[in-house]
Amino acid sequence: MYELRDRHVFPALADAIGDTPHTVIAAHLLRHGLCRAYALGDAAALQALIIQSDDSPDEPIAFGSDPAALWEVLQTVQGWFCVNVDGAMAQAVGALICRDRGIPVREYVDLHYTLTQTVIPHPNNAVRLMTTADLSLFEAAPPEVRPSGFGSAAALIAHGFCACALAGVQVAALAQ
C-alpha cells in the first residue's frame, strides 16, 4: 500500500498521528481532504505515513519510527525536494536519501510554538482578523502572504482564523 486514494480513511489517519505541534498541520490537511496520503500499513498499524499538501506538494510531512519504511514510501511520492520528519529520524532518513540518490542532504530544524498562557492583547490598528469583506485584499496580495492550507481564502475565513497586518490597503503579513 502506498498512495491512499480512498479519502474516507483520512480522518482515521489524522486520529492515528495525534494532536501535537508537529502533527497539527498534517491532521488538518487530512481532516479537510487537502492533501495526498501515502502509507505503509493502515491507521491501526502505521509503519510510515507521508502527507503531501495540495498547497505545498514540494514539502511532504513524514510520520513513522522506521527510517527504511519512511524512505520506501517517500520514493513513491512525486514532486518533493524537502521532507519534514521528526528530529529523531532526520539523520537516518537523510542518510538513506544520500545513499540512494547520491546527493547531499541538509537538515533544518522547524520550530513549533505553542501557547502556554493566555494571550495578552497588543492592539494595533494595522492588525486585525480578516472577514469575507477582505477577500479582494488576499487576491491582490503577493504570493508569500496569501493564505494556504484551506483550499481558498474564502474557506480559511469561513472555517479557520486569519489575522493580517496591513500596510495601507495591502496585506503585509499573515497569521492563520
Parallel, tilted or perpendicular, as decided by the 30° and 60° cut-offs, for the rings of H28 and F150:
tilted

Which pairs count as side chain to side chain donor-acceptor pair (under 3.5 Å) when at least one residue sits in residues 52-70, sequence neighbours excluded?
Y38-Q52, S56-D58

Min side-chain heavy-atom separation L156-F161 under 4.5 Å:
no

Is the shortest side-chain N to carboxylate O distance from E3 to R5 below 4.0 Å?
yes

Counterpart residues, side-chain contact (heavy atoms from CB on, under 4.5 Å), relative to P104 (two or more places apart)
none

To the nearest 0.5 Å, what is the distance between CD on Q176 and OG on S148?
5.0 Å

Heavy-atom pair of closest approach, residues C164 and V171:
SG-CG1, 3.9 Å

Indicate yes or no for a side-chain donor-acceptor contact from R7 to the backbone of G33 under 3.5 Å, with no hydrogens or angles considered.
yes

With a 4.5 Å cut-off on side-chain heavy-atom distances among I, L, V, M, F, W and Y, is there a chain of contacts connecting W80 to M89?
yes

If you compare all heavy atoms of G41 against all heavy atoms of L46, which two are closest, and at what distance to 0.1 Å?
O-CD2, 4.1 Å

Within this structure, what is the NE2-CG distance for the pair H32 and L30, rounded to the nearest 0.5 Å?
10.5 Å

D134 side chain to T131 backbone, donor-acceptor under 3.5 Å
yes

Side-chain touch C162/L129, heavy atoms, less than 4.5 angstrom:
no

Could you tell me which non-hydrogen atom of F10 sits nearest to which non-hydrogen atom of C35, and how far apart they are?
CE2-O, 3.6 Å

Y2 reachable from L4 in the ILVMFWY side-chain graph, under 4.5 Å edges
no

L40 with I17, same ILVMFWY side-chain cluster at under 4.5 Å:
no

Scanning both residues in full, the closest heavy-atom pair of F63 with H22 reads CE2-CD2, 3.5 Å

In sequence, state the C-alpha distance, the side-chain angles, and the governing distance for T118 and I120, and then conclude on side-chain contact (heavy atoms from CB on, under 4.5 Å).
CA-CA 6 Å; T118 304; I120 300 169; over 6 Å; no

Mind checking the CG-CZ spacing from L137 to R146? Nearest 0.5 Å is all I need.
12.0 Å

Yes or no on side-chain contact (heavy atoms from CB on, under 4.5 Å) for I61 and I50, after CA distance, side-chain angles and deciding distance?
CA-CA 6 Å; I61 308 166; I50 309 289; over 6 Å; no

Please determine whether the number of non-hydrogen atoms from other residues, nucleotides or ligands lying under 6.0 Å from atom CD of E144 exceeds 12.
yes

Scanning both residues in full, the closest heavy-atom pair of L70 with G64 reads CD1-O, 3.9 Å

Connected via hydrophobic side-chain network under 4.5 Å: V77 and L29:
no

Does the side chain of V73 come within less than 4.5 Å of L49's, by heavy atoms?
no

Does the side chain of R31 come within less than 4.5 Å of D15's, by heavy atoms?
yes

Donor-acceptor check, side chain of E72 to backbone of A68, threshold 3.5 angstrom: yes or no?
no

Linking I/L/V/M/F/W/Y whenever their side-chain heavy atoms sit closer than 4.5 Å, directly or via other members, would L74 and I51 fall into one cluster?
no

G18 backbone acceptor or donor facing T23 side chain under 3.5 Å
yes

Heavy-atom nearest pair, N124 first then A126, reads OD1-N, 2.8 Å

